[in-house]
Amino acid sequence: MSGSIPPAPFFLTTDVDERHRLYRALSRSGPVHRVVLPHGEWAWLVVRYEQARAALTDPRLAKAGPPFAAELDPALRSAINSNMLNVDLPEHGRLRRLVAAAFTRRRVERLAPRIRQLTDELLDPLVARAADSSFDLVAEFAYPLPVAVICELLGVPESGREKFREWSFADVNASVIGVEAYAEAATAFVEYLRDLIALKRREPADDLTSALVGARDGSDQLTEDELTSMIYLLLVAGHETTVNLIANGVYTLLRRPGAWALLGAEPERVPSAVEELLRIDGPVQTSTLRTAVETFEFAGVTIKEGDTVLVGLLAANRDTTTRPDAEDLDLTRSPNQHVAFGHGIHLCLGAPLARLEAQTAFTGLLTRFPRLRPAVPPREIVAEPGLLMNALHALPVTARPA
């Protein structure tokens with residue numbers, strides 16, 4: 001623990017621009033730095049692009065699980081951490097094969113009409129609230145759309161979705177809220193998921209949870225803890241990143257003169273725009289924690305066995321020491337190399353779904369609200385403090401419908 005030394009300021013700031021300024025200054029002074037995490041632990045933080053990619057694939061850095069993992073009851077720890085995000089090869093390969101067999105590209109593509117329908121259902125009442133009304137884009141659109149999609153994909157009944165929001169928030173903010181609140185939320189979440197799994201065993205349906213219950217690779221299948229943990233991961237990661245991608249992306253566009261109008265006039269640019277928005281103000285601030293399994297030299301520093309290491313994805317994507325124009329928004333950038341979804345074997349399995357949702361969401365917003373604009377001054381748009389996510393607390397906007 002760090003004693004009286006405060007956590008690194010970019011984790012705790014509520015200033016949207018300050019987070020980027022702090023990361024930019026850190027990146028310019030070197031590729032790797034010692035920082036204090038919000039829960040008091042020391043760690044090495046990798047902030048430049050090339051070193052970030054190298055760290056994300058370095059076998060000397062093993063997955064460490066989330067903050068406080070060692071302090072949880074062993075049964076709870078197994079139920080939430082036995083998924084492919086928190087393990088390395090060869091176990092990662094086994095789990096990813098089993099999940100990929102159920103979470104297929106075809107299953108994702110089949111969701112496209114439903115995502116468009118959900119988008120329209122959320123936008124219709126916003127349009128109907130007349131020209132001078134304002135609304136919170138996060139609460140009324142960016143959050144409910146991905147939640148509805150991932151819950152329908154996994155077969156989560158509507159009655160469980162409000163509690164799910166509270167549990168998910170605790171999971172991604174464990175480092176800030178502390179071990180007791182995190183453990184309480186995780187316990188309730190696991191109990192709910194075990195009931196959901198039991199329901200799908202009794203009454204299987206055409207949903208991903210039912211497919212995961214039956215997922216097999218020869219004689220191999222997911223254990224009960226692996227199954228619970230995987231659904232836990234898919235529910236949380238399956239919406240948190242997309243919420244932030246939509247909200248951050250809209251705010252980024254609205255702050256660049258003419259960007260919203262340009263994209264509305266040329267909607268064929270939306271797919272490439274989504275990649276640029278992922279890069280320039282991505283939904284995830286840092287990677288999950290890793291532990292050094294040996295002492296080694298990396299980018300000019302000595303990382304000792306047992307040290308905690310994490311990758312600053314947000315910083316790496318805007319690393320001007322590698323790419324001089326990394327701070328510039330270019331909606332036509334191609335190729336667009338970024339680490340917003342990670343890199344290597346842990347590249348996000350749900351990235352195609354997040355891209356599909358974001359493209360549909362931006363297309364819907366641009367069509368319905370070509371004159372969208374912030375409803376409050378920039379100083380009132382605040383970021384959520386945190387270690388893992390790069391999230392806006394709210395985004396009040398106003399618009400005249402098309």
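Position 1 is the first residue of the sequence; numbering continues from there. Heavy atoms only: backbone and side chains are in, while hydrogens, waters and symmetry mates are out.
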Peer 1: Checking Thr252 now: which residues fulfil side-chain contact (heavy atoms from CB on, under 4.5 Å) with it, not counting sequence neighbours?
Peer 2: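 For Thr252, the residues satisfying side-chain contact (heavy atoms from CB on, under 4.5 Å) (neighbours in sequence not counted) are Arg256, Leu277, Ile280, Asp281, Leu329.
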Peer 1: Is any side-chain heavy atom of Ile5 less than 4.5 Å from a side-chain heavy atom of Trp42?
Peer 2: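 In contact.
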Peer 1: Is the closest side-chain heavy-atom distance between Ser287 and Arg290 below 4.5 Å?
Peer 2: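 Counting from C-beta outward, Ser287 and Arg290 do come under 4.5 Å.
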Peer 1: Please list all pairs meeting salt bridge (charged side-chain N to carboxylate O under 4.0 Å, His left out) that have one or both residues in residues 270-280, counting only residues at least two apart or in different chains.
Peer 2: Glu275-Arg355, Glu276-Arg279, Glu276-Arg333
Peer 1: Would you say the side chain of Trp44 lies within less than 4.5 Å of the side chain of His33, judging by non-hydrogen atoms?
Peer 2: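 The answer is no; the side chains never approach within 4.5 Å.
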Peer 1: What I want to find out is whether Arg255 reaches Asp17 closely enough, with some N-O distance under 4.0 Å, to be called a salt bridge.
Peer 2: yes
Peer 1: Evaluate the side chain to side chain contact (heavy atoms under 4.5 Å, CB included) criterion for residues Ile80 and Tyr182: first the C-alpha distance (whole Å), next the side-chain angles of each, then the deciding distance (0.1 Å), finally the verdict.
Peer 2: CA-CA 12 Å; Ile80 62 176; Tyr182 170 49; 3.4 Å; yes
Peer 1: Could you walk me through whether Leu37 and Val35 pass side chain to side chain contact (heavy atoms under 4.5 Å, CB included), step by step?
Peer 2: CA-CA 6 Å; Leu37 307 183; Val35 298; 4.1 Å; yes
Peer 1: Can we say Arg24 and Glu327 salt-bridge, meaning some charged N sits less than 4.0 Å from an Asp/Glu carboxylate O?
Peer 2: yes
Peer 1: For the residue pair Ser168 and Asp171, confirm or rule out a side-chain donor-acceptor distance under 3.5 Å.
Peer 2: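 There is no such pair between these side chains.
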Peer 1: What distance separates Thr228 OG1 from Leu196 CG, expressed to the nearest 0.5 Å?
Peer 2: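 Thr228 OG1 to Leu196 CG: 9.5 Å, rounded to 0.5 Å.
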Peer 1: Val138 and side chain to side chain contact (heavy atoms under 4.5 Å, CB included): which single residue from Leu395, Asn244, Asn248 fits?
Peer 2: Leu395
Peer 1: Sequence neighbours left out, what pairs pass salt bridge (charged side-chain N to carboxylate O under 4.0 Å, His left out) with at least one residue falling in residues 258-271?
Peer 2: Glu266-Arg269
Peer 1: Could you tell me if the side chain of Leu153 sits less than 4.5 Å from the side chain of Val108, heavy atoms only?
Peer 2: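 A side-chain contact is absent here, since even the closest heavy-atom pair is not under 4.5 Å.
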Peer 1: Going from CG on Leu122 to CG on Leu145, what distance comes out if it is rounded to the nearest 0.5 angstrom?
Peer 2: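 So the gap between those two atoms works out to 6.0 Å.
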Peer 1: Within a strict 4.5 Å, meaning less than it, do heavy atoms of the Asp15 and Val382 side chains meet?
Peer 2: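 With C-beta onward as the side chain, the pair stays apart.
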Peer 1: By side-chain contact (heavy atoms from CB on, under 4.5 Å), which residues pair with Ala237, not counting sequence neighbours?
Peer 2: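 With neighbours one apart ignored, the set is Leu233.
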Peer 1: Nearest 0.5 Å, please: how far is CG in Asn83 from CG in Leu95?
Peer 2: 8.0 Å
Peer 1: Would you call Glu18 and Arg379 a salt bridge, using N to O less than 4.0 angstrom?
Peer 2: no
Peer 1: Would you mind checking if Arg368 and Asp124 are paired as a salt bridge, meaning a charged N to carboxylate O distance below 4.0 Å?
Peer 2: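 Salt bridge: yes.
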Peer 1: Distance only, no hydrogens: is a donor on one side chain within 3.5 Å (strictly under) of an acceptor on the other, for Arg114 and Gln117?
Peer 2: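 Arg114 vs Gln117: donor-acceptor pair found between side chains.
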Peer 1: One pair to check against side chain to side chain contact (heavy atoms under 4.5 Å, CB included): Asp325 and Asp328. What are the steps and the verdict?
Peer 2: CA-CA 5 Å; Asp325 67 344; Asp328 301 335; 3.5 Å; yes
Peer 1: Taking side chain as C-beta onward, heavy atoms only, is Met389 less than 4.5 Å from Glu240?
Peer 2: yes
Peer 1: Parallel under 30°, tilted from 30 to 60°, perpendicular over 60°: which one fits the rings of Phe298 and Phe296?
Peer 2: perpendicular
Peer 1: Less than 4.0 angstrom from a charged side-chain N to a carboxylate O is my criterion; do Arg194 and Asp225 meet it?
Peer 2: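 Salt bridge flag = yes for Asp225 with Arg194.
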Peer 1: For Glu226, enumerate each residue passing the salt bridge (charged side-chain N to carboxylate O under 4.0 Å, His left out) test, keeping only those at least two apart in sequence or located in another chain.
Peer 2: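 Glu226 satisfies salt bridge (charged side-chain N to carboxylate O under 4.0 Å, His left out) with Arg94 only.
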Peer 1: To the nearest 0.5 Å, tell me how far Ile197 CD1 sits from Leu212 CG.
Peer 2: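 One finds 9.0 Å between CD1 of Ile197 and CG of Leu212.
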Peer 1: Quick one: CZ on Arg48 to OG1 on Thr321, what's the gap to the nearest 0.5 Å?
Peer 2: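 Result: 4.0 Å between the selected atoms.
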Peer 1: In chain order, what residues pass the side-chain contact (heavy atoms from CB on, under 4.5 Å) check against Pro38, with sequence neighbours excluded?
Peer 2: Phe11, Leu12, Ser175, Val176, Leu387
Peer 1: Determine which pairs satisfy ring pair (Phe, Tyr, Trp, His ring centres under 6.0 Å) with at least one residue from residues 192-211, sequence neighbours left out, and list them in order.
Peer 2: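 Matches after skipping sequence neighbours: Trp167-Tyr192.
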Peer 1: Are Phe164 and Val156 close enough that some pair of their side-chain heavy atoms sits under 4.5 Å apart?
Peer 2: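 The answer is no; the side chains never approach within 4.5 Å.
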Peer 1: Can you tell me how far apart CD (Glu152) and CG (Leu208) are? Round to the nearest 0.5 Å.
Peer 2: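 Those atoms lie 13.0 Å apart.
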Peer 1: Under the side chain to side chain contact (heavy atoms under 4.5 Å, CB included) criterion, do Leu392 and Glu384 qualify, and how do the steps go?
Peer 2: CA-CA 6 Å; Leu392 295 177; Glu384 290 279 10; over 6 Å; no
Peer 1: Considering residues at least two apart in sequence or located in another chain, which fulfil the side-chain contact (heavy atoms from CB on, under 4.5 Å) criterion with Arg19?
Peer 2: Phe10, Thr13, Tyr23, Gln285, Leu314, Ala383, Asn390
Peer 1: Which pairs, with at least one residue in residues 76-102 and sequence neighbours excluded, count as a ring pair (Phe, Tyr, Trp, His ring centres under 6.0 Å)?
Peer 2: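 Ring pair (Phe, Tyr, Trp, His ring centres under 6.0 Å) check on residues 76-102 returns His92-His346.
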Peer 1: Nearest heavy-atom pair of Leu118 and Ala148: which atoms, and what distance?
Peer 2: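 Nearest pair, atom of Leu118 first, then Ala148: CD1-CB, 4.1 Å.
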Peer 1: Can you tell me which residue pairs pass the salt bridge (charged side-chain N to carboxylate O under 4.0 Å, His left out) test with a partner in residues 202-213, sequence neighbours excluded?
Peer 2: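 Sorted pair list: Arg107-Asp206, Arg110-Asp206, Lys200-Asp207.
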Peer 1: Do Thr14 and Pro385 make a side-chain contact, defined as non-hydrogen atoms from C-beta onward lying under 4.5 Å apart?
Peer 2: yes
Peer 1: Kindly give the heavy-atom pair with the smallest separation between Val46 and Val309, and that separation in Å.
Peer 2: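 Reported closest heavy-atom pair: CG2-CG1, 4.2 Å.
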Peer 1: Can you pull out every ring pair (Phe, Tyr, Trp, His ring centres under 6.0 Å) where at least one residue sits in residues 134-163? Sequence neighbours excluded, please.
Peer 2: Phe135-Phe369, Tyr143-His239
Peer 1: Output side-chain donor-acceptor pairs under 3.5 Å for residues 55-76, partner residues at least two apart or in another chain, one line each.
Peer 2:
{"from": "Thr57", "atom 1": "OG1", "to": "Arg53", "atom 2": "O", "distance (Å)": "3.2"}
{"from": "Thr57", "atom 1": "OG1", "to": "Ala54", "atom 2": "O", "distance (Å)": "3.3"}
{"from": "Asp58", "atom 1": "OD1", "to": "Arg60", "atom 2": "N", "distance (Å)": "2.9"}
{"from": "Asp58", "atom 1": "OD1", "to": "Arg60", "atom 2": "NE", "distance (Å)": "2.9"}
{"from": "Asp58", "atom 1": "OD2", "to": "Arg60", "atom 2": "NE", "distance (Å)": "3.3"}
{"from": "Asp58", "atom 1": "OD2", "to": "Arg60", "atom 2": "NH2", "distance (Å)": "2.8"}
{"from": "Lys63", "atom 1": "NZ", "to": "Leu85", "atom 2": "O", "distance (Å)": "2.6"}
{"from": "Lys63", "atom 1": "NZ", "to": "Thr288", "atom 2": "OG1", "distance (Å)": "2.8"}
{"from": "Asp73", "atom 1": "OD2", "to": "Ala75", "atom 2": "N", "distance (Å)": "3.0"}
{"from": "Asp73", "atom 1": "OD2", "to": "Leu76", "atom 2": "N", "distance (Å)": "3.4"}

